[in-house]
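Numbers restart at 1 for each chain; the letters A, B, ... are given by sequence-line order, proteins then strands. The shown structure was predicted, so the numbers you read here are calculated from the model rather than taken from an experiment. Only heavy atoms go into these numbers, but all of them, side chains included; no hydrogens, no water, no symmetry mates.
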Amino acid sequence: MLGDLAKLPDWPERVRTMQANWIGKSVGVRFAFRVNGVTRSALGSPPSPSGRGSEVEDDEALLWVFTTRADTIMGVTFCAVAAEHPLATHAARSNVKLAAFIDECKHGSVMEADMATMEKKGMPTGLSVVHPLTGEPIPVWVGNYVLMSYGEGAVMAVPAHDERDFYFAKQYGLPIKQVITSAIEERRKKGDADVQGDGYAVFDFDPAQWKEWYGEKGKTTTSVSLYCINSGKYNDLEYSAAVDAIAADLNAKGLGEKKTMWRLRDWGISRQRYWGCPIPIIHCAHCGDVPVPDKDLPVVLPEDCVPDGSGNPLNKRADFVNCKCPKCGANAQRETDTMDTFVDSSWYYARFASGRSASAMVDRETDYWMPVDQYIGGIEHAILHLLYSRFWSKVMRDLKLVSYDEPFKRLLTQGMVLNHIFFRKPANGRIQYFNPADVEVKIDNTGIQIVAILKSDGQLVEDGGIGTMSKSKNNGIDPQQLIELHGADTARLFVMFAAPPEQTLEWSDAGVEGAARFLKRLWKLVHTHVGMGTAARVEVAVLNDAQRAMRRMLHETLAKVTDDYARRRTFNTAIASVMELINALYKFDDSHRVGSTRGGDDHSTQGRAVLQEALDNVVIMLAPIVPHISHALWQALGHDNAVIDARWPSVDAAALTRSSIELVVQVNGKLRGHIEVALDAKPADIEAQALADANVQRFTAGKQIKKVIVVPGKLVNVVVA
RNA sequence: GCCGGGAUGGCGGAACUGGUAGACGCGCUGGACUCAAAAUCCAGUAGUGGUGACACUGUGGGAGUUCGAUUCUCCCUCCCGGCACCA
């Protein structure tokens with residue numbers, strides 16, 4: 001899944017980065033400390049024969065850890081284990097205080113945000129382990145920051161080179177032993193004059209104070225080399241050489257090896273809830289785990305189950321749990337774990353693509369429709385749903401159910417829509433949220449402060465800032481309100497015009513009238529034109545300059561809109577350029593103007609033909625955004641078919657040609673003038689024309705011209721001394 | 001705390017590959033039409049100075065690279081989203 005992220009070039013970079021971080025590949029070393037005076041049997045683990053060359057006795061307990069920083073192994077001054085670790089449990093049997101501490105740890109929050117800021121706490125177990133390379137005794141602590149569910153549930157602690165270990169050691173007076181140094185620190189120690197300034201003192205190791213570079217590996221972020229010291233035979237080795245040498249030595253002792261760990265956990269199955277998809281397995285005392293026969297599928301959950309907060313409520317439902325073994329007919333029990341709802345959302349679309357199949361999960365028709373060409377979903381699904389869908393696709397591929405690797409070829413993650421949050425907090429009782437539509441924000445009677453008032457009772461509400469629209473915060477907006485007020489086309493146009501879809505957007509309906517106004521202008525333009533009778537076909541050869549220019553703008557707009565839809569997916573800019581075109585068409589044919597005093601109208605045969613072509617194209621260009629009005633206007637323009645069946649028009653390259661182009665002239669990078677040059681003008685001629693410009697001469701007069709940069713089709717920059 | 005994203009006029013946003021900053025829309029100002037209003041149409045609208053042509057300043061803050069930076073590099077501030085202390 002990590003490697004195949006490269007197969008998704010049309011996914012947003014940030015989603016791929018988030019997934020890679022979540023998968024969390026880390027390469028390191030897994031190794032063991034021998035535990036002094038504790039046997040494996042005492043921990044309840046079966047004795048295991050040690051590997052060849054191992055120094056370990058058969059029944060000797062081992063403390064396994066995983067580290068990405070094997071290069072700092074000589075700086076280990078203690079080990080920390082999770083509260084649930086067998087060594088902690090063992091030590092707690094004869095230590096009441098420790099048992100109480102472990103109990104406290106087990107009840108703490110496991111939310112990352114809480115944990116990152118909570119106090120690091122610990123307590124010694126009284127046990128010690130043997131350092132695998134030095135043979136020194138190392139004390140073992142229980143730490144509330146060590147997770148049983150990741151890695152081995154235990155860590156080697158190197159306070160000098162790990163920030164968490166550092167503060168833990170400070171708090172409990174544990175030793176801090178520096179084993180990594182920087183090239184700068186070494187040169188300062190040798191008295192190198194180049195690095196004696198205060199700015200270099202940040203590279204000195206000081207056990208009293210944590211500095212950024214202590215925890216960096218190989219090189220600092222400022223590219224200063226880091227290597228081992230106080231590490232015996234490993235001295236002077238840099239990161240990867242040190243890791244290799246140390247892993248080899250541990251391996252020779254039968255105490256460790258290089259290993260790759262993953263942060264990603266199997267959450268699809270292991271995160272249990274009553275309302276997930278049932279796992280169709282029956283547990284029989286005689287036959288073991290027996291699949292539910294096809295004829296008894298699906299297993300249906302009881303719908304009147306009320307979770308009481310103590311474990312899985314299904315376990316308390318004898319009517320669900322108790323059943324007969326399908327194999328032997330004896331009394332048996334159903335599996336009560338269920339799959340997470342992510343499992344369903346991970347493959348339902350593949351099932352939709354093989355809707356005729358009655359006998360299998362999916363059939364061959366899936367491969368015809370899948371993978372999805374364009375997936376649209378909120379950025380909040382960037383990791384979980386989109387990651388599990390990718391995982392499930394690979395499962396189905398391996399089972400030969402489907403032949404694709406990745407379910408979604410192209411991904412558009414729309415941004416969150418934010419809105420104001422208003423609430424009241426009763427003295428005792430639950431916080432109550434109010435919908436922004438029911439709240440009026442106004443200036444209070446001092447005329448300075450802005451206050452928020454609930455419309456229904458006129459009393460103040462508190463302002464909770466701005467946040468994602470959600471049910472719990474009651475700050476969502478129902479688009480139905482907009483639709484009822486302005487119609488679906490206006491609502492769609494307004495929303496699409498507001499911002500690019502992947503951008504976070506703070507909700508405001510200010511400006512929705514602009515969208516309605518635009519559609520009215522378009523409607524009027526089309527109907528005024530149609531009211532004057534059927535238009536002729538465009539005959540390019542007889543067009544006058546104004547008609548030619550109008551037509552050029554039409555085809556430039558068509559090219560831009562096509563690109564905005566197909567490649568850039570920026571619908572707001574596509575709409576903006578159609579708006580520009582409409583503005584120009586109003587000037588081209590200004591018979592709509594009240595009074596119509598200016599002579600801009602072109603009601604000639606070819607003028608009306610150009611207008612017809614432009615309006616046909618405008619209606620097609622807008623059809624994806626405003627389908628209803630486009631359908632009506634398309635037929636009003638004299639077409640028999642529906643606009644949805646009309647072909648996307650192609651750009652007339654000949655209409656785009658122009659004989660001259662306007663260039664910008666800069667002096668020292670500042671805009672000083674514009675020149676009109678022939679399309680095929682030579683650079684030397686362009687340069688001469690630029691230098692001849694009156695305003696340019698004001699800024700070059702009496703100065704030495706050092707060079708002139710001509711960027712074809714864009715600008716001229718004159719550099720003066 | 002970590003990861004991801006963002007900051008441009010009064011507001012939403014545009015500037016796509018380093019090349020005219022502010023397209024388009026809202027709002028606002030003025031005008032036309034009207035007995036009047038709404039609607040509609042026209043014009044103006046980053047700030048400062050100037051009748052004007054123009055000039056100076058300006059893309060969260062500070063440095064840097066470049067003929068030229070909203071765009072690239074480094075540092076900082078604030079805002080939004082996600083989070084499982086990942087050894």
State whether a side-chain donor-acceptor pair under 3.5 Å links A:Tyr145 with A:Asp165.
->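 The criterion, which ignores hydrogens and geometry beyond distance, is satisfied for A:Asp165 and A:Tyr145.
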Does B:G27 fall in syn (glycosidic angle within 90° of 0) or anti?
->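 Here B:G27 takes the anti form, which means its glycosidic angle is more than 90° from 0.
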When the P atoms of B:G81 and B:A55 are considered, how many whole Å apart are they?
->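 My reading of the P atoms in B:G81 and B:A55 gives 45 Å.
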For the base of B:C54, is there a side-chain donor-acceptor partner from A:Arg698 under 3.5 Å away?
->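 No, the side chain and the base share no sub-3.5 Å donor-acceptor pair.
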If the cut-off is 4.0 Å, is [X] near the phosphate of [N], judged by side-chain N/O to OP1 or OP2?
X: A:Arg521; N: B:A39; result: no
X: A:Ser508; N: B:C26; result: no
X: A:Lys707; N: B:U66; result: no
X: A:Arg517; N: B:G27; result: yes
X: A:Asn695; N: B:A55; result: yes
X: A:Arg672; N: B:A55; result: yes
X: A:Gln503; N: B:G5; result: no
X: A:Thr468; N: B:G81; result: yes

Which nucleotide in the set B:A15, B:C42, B:G13 lies at the smallest distance from any side-chain heavy atom of A:Thr573?
->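 Of B:A15, B:C42, B:G13, B:A15 is nearest to the side chain of A:Thr573.
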Of the candidate nucleotides B:A87, B:U20, B:C41, which contains the atom at the shortest distance from the side chain of A:Tyr586?
->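 The closest nucleotide is B:C41.
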Is the A:Tyr172 ring parallel, tilted or perpendicular to the A:Phe168 ring (thresholds 30°, 60°)?
->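 Ring orientation of A:Tyr172 relative to A:Phe168: tilted.
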Between atom [atom1] in [X] and atom [atom2] in [N], what is the gap in whole Å?
X: A:Arg164; N: B:A84; atom1: CZ; atom2: C1'; value: 13 Å
X: A:Asn572; N: B:C11; atom1: CG; atom2: P; value: 19 Å
X: A:Lys670; N: B:U66; atom1: NZ; atom2: C1'; value: 16 Å
X: A:Lys714; N: B:C16; atom1: NZ; atom2: P; value: 9 Å
X: A:Glu506; N: B:C78; atom1: CD; atom2: C1'; value: 15 Å
X: A:Leu715; N: B:G18; atom1: CG; atom2: P; value: 14 Å
X: A:Asp463; N: B:C79; atom1: CG; atom2: P; value: 14 Å
X: A:Trp507; N: B:C26; atom1: CH2; atom2: C1'; value: 14 Å

Answer yes or no: is there an ion pair linking A:Glu556 with A:Arg658, defined by an N-O contact shorter than 4.0 Å?
->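 Between A:Arg658 and A:Glu556 there is a salt bridge, with a charged N closer than 4.0 Å to a carboxylate O.
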Give every residue pair that meets the salt bridge (charged side-chain N to carboxylate O under 4.0 Å, His left out) criterion with at least one member in residues 565-581 of chain A, sequence neighbours excluded.
->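 Checked against salt bridge (charged side-chain N to carboxylate O under 4.0 Å, His left out) - neighbours excluded - the pairs reaching residues 565-581 of chain A are A:Asp563-A:Arg567, A:Asp564-A:Arg568.
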Pair listing, salt bridge (charged side-chain N to carboxylate O under 4.0 Å, His left out) test, anchored in residues 686-707 of chain A, at least two apart |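 Sorted pair list comes back empty.
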Within the side chain of A:Asn144, is there an N or O that forms a donor-acceptor pair under 3.5 Å with the backbone of A:Gly122?
->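 No.
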5′-ward residue of the pair A:Val711/A:Thr570 relative to RNA chain B |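 The residue closer to the strand's 5' end, by nearest nucleotide, is A:Thr570.
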Given that A:Thr67 and A:Asn583 both sit by RNA chain B, which one's nearest nucleotide is further toward the 5' end?
->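 Mapping each residue to its closest nucleotide by heavy atoms, the 5'-most match is A:Asn583.
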Under the side chain to side chain donor-acceptor pair (under 3.5 Å) criterion, do A:Glu502 and A:Thr413 qualify, and how do the steps go?
-> CA-CA 6 Å; A:Glu502 65 275 8; A:Thr413 46; over 6 Å; no
Given Watson-Crick or G-U pairs with both distances under 3.5 Å, what dot-bracket string fits RNA chain B, with | for other-strand pairs and [ ] for crossing?
-> (((((((..(((......[....)))((((((.......))))))((((....))))..(((((..]....))))))))))))....
Is the Lys NZ or Arg CZ of A:Arg30 less than 6.0 Å from the centre of A:Phe66's six-membered ring, within 45° of the axis?
->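 The answer is no, since A:Arg30 fails at least one limit relative to A:Phe66.
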